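Structure first, then comments.
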Amino acid sequence: MAPRFKKIVVPAEGQRITVKDRLLQIPDNPIIPVIEGDGIGRDIMRATRRVLDAAVEKTYGGQRRIVWMDVYAGEKAQELYGEWAPQETFDAIKYFVVALKGPLTTPIGGGFRSLNVTLRQVLNLYACVRPVRYFAGVPSPVKEPHKMNVIIFRENTEDVYAGIEWKKGTKEAAKVIAWLNKTMKQSIRTDSGIGIKPISATGSKRLARKAIRYAIDHKLKSVTLVHKGNIMKYTEGAFRDWGYEVARKEFGAQTITEDELWSKYDGRQPDGKVVIKDRIADSMFQQILTRTDEYEVLATPNLNGDYLSDACAAQVGGLGMAPGANMGDYVALFEATHGTAPKYADKDMVNPGSLVLSGVMMLEYLAWQQAADMVTRAVETTIGKKTVTYDLHRQMEGATKVSTSEFATEIIKNMA
């Protein structure tokens, strides 16, 4: 039964995405909930919707179209509902399955640590998926940015991001410290803040499963488990072990370990086999710079993935060109990976690339690959012609600076 909404208006002409036999059923006119976002979200969401609509129209000639449905979180929700994250927004995204979101502010003074984290946890969007690749012409601080082409699967619901912590000097912190020192024979200073880092078999395995399935489906060569298990043996070390376990038990016919690659196949990877390997997190940060093209899919606990995805994005132009999505088993929320940049709000000047490319991910999730490819090619062409927003313009010699809306117009002109 469809949920009842107080403020959300459901379009009459669209249809909802459903799930049947563990597969998404995509109508030709899917209703897609959209959270406009705060700050620059208003500008980049308008631009993104125009680009996606144009690509779908040009590709399918009116046979398919996205039916957008506004839902609310952040400042707009506070105005409409008197709360930052109304329940009916969660209900709408769950019911309609696929959604697009601009950047959201985090309210000051308590209530939420982060609206983004709240959306992920309430909707059980356990995988943060971040593809990072280079677009020719984008300024980069490295010599060979074209070697970067990875997709990061970051566990999204636990680790230190679970928010289980107590402030130094509180009764709760004192109680936890006293119990650990007395009962568990630890030596924690009494003036410490305390945090707990849960990493579960459930969370780790479902993340590894999604990463490995992606590599198999897209015929990629490897999945790398990134962890700090040499120090945190029973959390991040366990994440590594559980990842190997999933590969062995659930994908044994399609995967081999890095050890097996050398002991059984003399380093020559058999066709149709995905190599499962692991790297210590600090080593991975070095190797993503020095041996960039040896990695394709990275699977990480929450904190490692946060750092690593931004570090990878820095090599190919920064967060302005970095898309992302938060995914569960079926529900998926595609989003810009940067913040709200309030000083640029409503000035029609920032780069909408992150959200546009997140929209590409959304089209791929809908299996509308031709439209997704059209947007990607058009973005490449537009940047190649050095027609860019101010952030790239200031780093590119001979470039033409355009506004957010003009950049969207140029992308649409370059669709072919």
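Please read these numbers as outputs of a predicted model, since none were measured by experiment.
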For [Y], is there any backbone N or O sitting under 3.5 Å from a side-chain donor or acceptor partner on [X]?
| X | Y | value |
| --- | --- | --- |
| S358 | E335 | yes |
| Y344 | D348 | no |
| D38 | T105 | yes |
| E155 | E158 | yes |
| T337 | G324 | no |
| T292 | M148 | no |

>> Side chains of Q286 and D282 only: does a donor on one sit below 3.5 Å from an acceptor on the other?
In response: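 Result is no, nothing qualifies.
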> Between NZ of K210 and OH of Y126, what distance do you get to the nearest 0.5 Å?
Replying inline: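 The NZ atom of K210 sits 4.0 Å away from the OH atom of Y126.
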>> I need the single residue from E236, H227, R154, K228 that forms a side-chain hydrogen bond (donor to acceptor under 3.5 Å, both in side chains) with N304. Which is it?
In response: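 Going through E236, H227, R154, K228 one by one, the side-chain hydrogen bond (donor to acceptor under 3.5 Å, both in side chains) with N304 is satisfied by E236 alone.
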> Knowing that exactly one of N302, D306, N156 qualifies, which makes a side-chain hydrogen bond (donor to acceptor under 3.5 Å, both in side chains) with Y161?
Replying inline: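 In the set N302, D306, N156, the residue that makes a side-chain hydrogen bond (donor to acceptor under 3.5 Å, both in side chains) with Y161 is D306.
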Going by an N to O cut-off under 4.0 Å, is there a salt bridge joining [X] and [Y]?
| X | Y | answer |
| --- | --- | --- |
| R65 | E13 | yes |
| E250 | R209 | yes |
| R394 | D391 | no |
| D43 | K347 | no |
| K413 | E410 | yes |
| D278 | R240 | yes |
| E245 | R248 | no |
| E380 | R377 | no |

> Given D70, which of K101, R49, K76 fulfils the salt bridge (Lys or Arg N to Asp or Glu O under 4.0 Å) condition?
Replying inline: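 So the option named by the test is R49.
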For a quick test of reading the model, state the closest non-hydrogen atom pair linking [X] to [Y] and the distance between them.
| X | Y | value |
| --- | --- | --- |
| D159 | P301 | OD2-CB, 3.8 Å |
| A47 | P352 | CB-CB, 4.2 Å |
| D329 | Y365 | O-OH, 4.3 Å |
| K7 | Y72 | O-CE1, 4.1 Å |

> Is there a ring-ring contact (aromatic ring centres under 6.0 Å, His included) between F239 and Y234 once you walk through the steps?
Replying inline: CA-CA 8 Å; F239 173 88; Y234 306 122; over 10 Å; no
>> Measuring centre to centre across the rings, with the benzene-like ring taken for any Trp, is Y95 within less than 6.0 Å of F5?
In response: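 Here the rings of F5 and Y95 have centres that are no less than 6.0 Å from each other.
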> Is the shortest heavy-atom distance from the side chain of L104 to the side chain of L119 under 4.5 Å?
Replying inline: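 A side-chain contact exists here, since the closest heavy-atom pair is under 4.5 Å.
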> Are the side chains of P30 and V67 in touch, meaning some heavy atoms are under 4.5 Å apart?
Replying inline: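 The answer is no, as the side chains (C-beta and beyond) never meet within the 4.5 Å cut-off.
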> Has R133 got its NZ or CZ under 6.0 Å from the middle of the six-membered ring of F135, at an angle within 45 degrees of the ring axis?
Replying inline: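 Yes; both conditions hold, so R133 lies above the ring face of F135.
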>> Would you say that more than 12 heavy atoms from the other residues, nucleotides or ligands in this model lie under 6.0 Å from the CZ of F285, or not?
In response: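 Count over threshold, so yes.
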>> Is it the case that atom NZ in K277 sees more than 12 heavy atoms from other parts of the structure closer than 6.0 Å?
In response: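 Enclosed: over 12 neighbouring heavy atoms sit under 6.0 Å from NZ of K277.
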>> Before you tell me yes or no, could you show the steps for R291 and E294 under salt bridge (Lys or Arg N to Asp or Glu O under 4.0 Å), namely the whole-Å CA-CA distance, both residues' side-chain angles and the distance that decides it to 0.1 Å?
In response: CA-CA 6 Å; R291 307 176 78 163; E294 293 183 13; 3.0 Å; yes
>> So if I apply the side-chain contact (heavy atoms from CB on, under 4.5 Å) rule between I411 and each of T387, T382, T48, which one comes out positive?
In response: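 Among T387, T382, T48, the one meeting side-chain contact (heavy atoms from CB on, under 4.5 Å) with I411 is T382.
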